[in-house]
Amino acid sequence: MSEEQVVARLAELPGWEREGQVIARTFKHTYHECVHLAVYVAAKAREVGHHPDIHITWQRIRFAITTHDAGNRLTAKDFELARHIDAIATGHGAEAI
């Protein structure tokens, strides 16, 4: 994706932040609900064939997405997965931070 495309797609995803060639977002919930959220996101990731890095700490879960197959660069797949993650997190009552 061009730089302009990345900027435009990121603007469509409030709360997601760019960290070089990665987009990331953190949510807040109870520890056990963060674990459940990770499982649901992992199931969706398997379904779509694109997997985020997931980091769980006390009452926080962070998702970081890049396309490893494209040399760790941002692609349309990353933004599509971010939309799925947002929907799943909302459905689980996770608070975006």
Side-chain angles (χ1 to χ4, degrees):
M1 296 180 78
S2 71
E3 181 65 22
E4 294 78 23
Q5 290 171 314
V6 169
V7 169
R9 295 292 295 270
L10 190 59
E12 298 170 358
L13 292 168
W16 286 85
E17 297 180 353
R18 184 174 180 188
E19 300 170 357
Q21 290 296 317
V22 172
I23 57 173
R25 188 165 190 193
T26 301
F27 296 90
K28 179 181 178 181
H29 213 318
T30 67
Y31 178 80
H32 289 95
E33 286 302 320
C34 287
V35 172
H36 290 149
L37 180 55
V39 170
Y40 279 91
V41 168
K44 177 53 85 172
R46 179 186 300 166
E47 179 184 316
V48 301
H50 195 54
H51 303 86
D53 292 334
I54 302 172
H55 184 78
I56 300 171
T57 59
W58 179 247
Q59 297 187 345
R60 302 282 189 277
I61 183 167
R62 180 178 184 270
F63 298 96
I65 312 170
T66 190
T67 303
H68 302 289
D69 294 345
N72 296 320
R73 300 194 54 82
L74 290 169
T75 68
K77 288 181 177 182
D78 303 311
F79 296 95
E80 292 166 16
L81 182 57
R83 287 187 189 283
H84 288 299
I85 291 171
D86 282 347
I88 293 167
T90 298
H92 281 265
E95 177 186 341
I97 56 172

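Note that the structure is a prediction, hence the values are computed from the model and not measured.
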**Report entry** Apart from Leu10 itself, residues in the same hydrophobic cluster as defined by side-chain heavy atoms under 4.5 Å
**Finding:** Met1, Val6, Leu13, Trp16, Ile23, Phe27, Tyr31, Val35, Leu37, Tyr40, Val41, Val48, Ile54, Ile56, Trp58, Ile61, Phe63, Ile65, Leu74, Phe79, Leu81, Ile85, Ile88
Report summary line: Sorted by chain and residue number, the salt bridge (charged side-chain N to carboxylate O under 4.0 Å, His left out) partners of Lys44 (sequence neighbours excluded) come out as Glu47
**Report entry** Summary of salt bridge (charged side-chain N to carboxylate O under 4.0 Å, His left out) pairs that have at least one residue in residues 84-97, sequence neighbours excluded
**Finding:** Arg25-Asp86
Report task. Indicate yes or no: at least one non-hydrogen side-chain atom of Glu33 is less than 4.5 angstrom from one of His92. Result -> yes
Query raised in the report: With Arg83, which residues qualify under salt bridge (charged side-chain N to carboxylate O under 4.0 Å, His left out), at least two apart?
Result: Glu12
Query - With sequence neighbours excluded, residues passing side chain to side chain contact (heavy atoms under 4.5 Å, CB included) with His68 - result: Asp53, Thr66, Asn72
Report task. Give a yes-or-no answer on whether the side chains of Ser2 and Gln5 include a donor-acceptor pair shorter than 3.5 Å. Result -> yes
Query raised in the report: Does the pair Arg18 and Glu3 meet the rule for a salt bridge (Lys or Arg N to Asp or Glu O under 4.0 Å), with working shown?
Result: CA-CA 12 Å; Arg18 184 174 180 188; Glu3 181 65 22; 2.6 Å; yes
**Report entry** Pro52 versus Ala45, closest heavy-atom pair with distance
**Finding:** CD-CB, 3.9 Å
Report summary line: In short, salt bridge (charged side-chain N to carboxylate O under 4.0 Å, His left out) pairs touching residues 60-80 with sequence neighbours left out are Glu19-Arg62
